[in-house]
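Below is one structure, written out as structure tokens, with a few remarks after it.
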Amino acid sequence: MKKTLLTIAMALFVLGVQANNGEGKAENPKPVNYKEVISNITYPLSCKEKGIEGQVLVTLKIDQHGKVINQHFKEYPCTELRDAVKEILPKLNFEPAKNSNGDPVVGLIAVPVNFKLTI
């Protein structure tokens, strides 16, 4: 019988920060509770039974308060894995992106989550 292992890609890919005025360096959104939230994803039973594995890649729009305000799923092996990730997104918190003046701004970040079954 296969044991389940949810492998989490800890690298977050920053796609960009809005409102950079070109003078100085903007700061990207930073995850606050990523490990804690991602570690609580439930591997869907139907995917386990079918042996479905793969990466769910979601782009998140983070508001100036560090909350997820929009999501766009770029890739996913099946809707059940996508939905497992979608379910935990409201629990994620971020330090907001900051423009070159240090003011909080809306930013984008891509989050990969890898699902893998092991023996």
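Predicted model only: the values in this text are computed from it and were never measured.
Side-chain contact between F73 and V56 is present, with heavy atoms from C-beta onward closer than 4.5 Å. Using a 4.5 Å heavy-atom threshold, the side chains of I109 and I62 count as touching.
Looking only at distances, a side-chain donor or acceptor of N99 sits under 3.5 Å from a matching main-chain atom of D103.
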Given V106 and K61, is the side-chain contact (heavy atoms from CB on, under 4.5 Å) satisfied, shown in steps? CA-CA 7 Å; V106 173; K61 187 174 189 178; 3.5 Å; yes

Can you list the steps and then say if L60 with V111 is a side-chain contact (heavy atoms from CB on, under 4.5 Å)? CA-CA 7 Å; L60 303 176; V111 179; 3.7 Å; yes

side-chain contact (heavy atoms from CB on, under 4.5 Å) evaluation trace for N70 with V68: CA-CA 6 Å; N70 197 1; V68 176; over 6 Å; no

Step-by-step side-chain contact (heavy atoms from CB on, under 4.5 Å) determination, E53 to Y43: CA-CA 10 Å; E53 302 176 321; Y43 206 124; 3.8 Å; yes

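Residue A110 comes nearest to P112 through the heavy atom pair O-CD, 3.7 Å, listed as atom of the first residue, atom of the second, then distance.
Checked against side-chain contact (heavy atoms from CB on, under 4.5 Å), P104 has the following partners two or more places apart in sequence or in another chain: Q64, P96.
Separating the SG atom in C47 from the CG atom in L117 is a distance of 8.5 Å, to the nearest 0.5 Å. To the nearest 0.5 angstrom, T59 atom OG1 is 4.5 Å from K74 atom NZ. Atom-to-atom distance recorded for N33:CG and K35:NZ is 12.0 Å, nearest 0.5 angstrom. To the nearest 0.5 Å, atoms NZ (K50) and SG (C78) are separated by 7.5 Å.
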Would you list the atom pairs, donor with acceptor, under 3.5 Å between side chains in residues 80-95 and any protein atom, with sequence neighbours excluded?
| from | atom 1 | to | atom 2 | distance (Å) |
| --- | --- | --- | --- | --- |
| R82 | NH1 | Y76 | OH | 3.4 |
| N93 | OD1 | K67 | NZ | 2.6 |

